[in-house]
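Index from 1, following the sequence. Keep in mind the model is a prediction, meaning the values are calculated, not measured.
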Amino acid sequence: VKLGMFKDARADLDCVVEAMPQMADAYWHRHLIYVIQGDMNTALNDLTNIIRHNQNQPRVYLARAEIYQKQGDITGAILNYSQALKRDSSNAETYYKRAALFE
């Protein structure tokens, strides 16, 4: 992906997801491609798939919060920042980002 070969990388990741739907890393990397390409809804779907398999990954909730915030869904962003904090209450930056949305 670093070389800009998004189509090939996504095709490879699609194969991994199809063969091993529990492979969270494949969804994670594929969601990044979708974000770069501006396909936020599909990126959210991949992040949701990660959560279905493992709800204890704060970075996934952080990524969802950032996408929701970019889409103007402040409630969705706050809820996901809160979920991230339930899983990692030591992340001061997450508290800050969530607090900024209450303004």
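Under the 3.5 Å distance criterion, with hydrogens and angles disregarded, a donor-acceptor pair is assigned to the side chains of N41 and Q71. For R30 and T42, the side-chain atoms include no donor-acceptor pair closer than 3.5 Å.
To the nearest 0.5 Å, the span separating NZ on K7 from CD on Q37 amounts to 11.0 Å. A distance of 10.0 Å separates CG in D25 from CE in M20, rounded to the nearest 0.5 Å. Q83 contributes atom CD, which lies 10.5 Å from atom CZ of R98 (distance to the nearest 0.5 angstrom). To the nearest 0.5 angstrom, N80 atom CG is 13.0 Å from K97 atom NZ.
Hydrophobic clustering (side-chain heavy atoms under 4.5 Å, transitive across Ile, Leu, Val, Met, Phe, Trp, Tyr) keeps Y81 apart from Y61. Both V60 and V35 are members of a single hydrophobic cluster when ILVMFWY side chains are connected at heavy-atom separations under 4.5 Å. The same ILVMFWY cluster, assembled from side-chain heavy atoms under 4.5 Å apart, contains both L32 and Y27. Transitive grouping of hydrophobic side chains (ILVMFWY, heavy atoms separated by less than 4.5 Å) brings M40 and I51 into a common cluster.
At least one side-chain heavy atom of D14 sits less than 4.5 Å from a side-chain heavy atom of R10. Between L47 and I67 the shortest side-chain heavy-atom distance falls below 4.5 Å. In this structure, the side chains of Y68 and L44 come closer than 4.5 Å at one or more pairs of heavy atoms. Counting only heavy atoms from C-beta outward, the side chains of D88 and T94 never approach each other to under 4.5 Å. The shortest side-chain heavy-atom distance between R64 and L79 does not fall under the 4.5 Å cut-off.
Under a cut-off of 6.0 angstrom, the local environment of CD in Q55 is sparse, with at most 12 non-hydrogen atoms contributed by other residues, nucleotides or ligands. No more than 12 heavy-atom neighbours from other residues, nucleotides or ligands sit within 6.0 angstrom of OH on Y96.
The two residues I50 and W28 have their closest heavy-atom pair at CD1-N, 3.6 Å. Closest approach of H53 to P21, counting heavy atoms only: NE2-O, 3.0 Å. Considering all non-hydrogen atoms of both residues, L85 and N91 come closest at CD2-O, 3.8 Å.
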task = Applying salt bridge (charged side-chain N to carboxylate O under 4.0 Å, His left out), run through E66 and K70 and close with a yes or a no.
result = CA-CA 6 Å; E66 290 171 8; K70 286 178 186 174; 5.6 Å; no
inquiry  = Go through it in stages, so that I can follow the logic: the residues are D46 and V17, the test is side chain to side chain contact (heavy atoms under 4.5 Å, CB included), and I'd like the CA-CA distance, side-chain angles, deciding distance and then a yes or no.
reply    = CA-CA 10 Å; D46 274 357; V17 165; 5.9 Å; no
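Under a 3.5 Å cut-off, the side chain of N49 and the backbone N or O of N45 do form a donor-acceptor pair.
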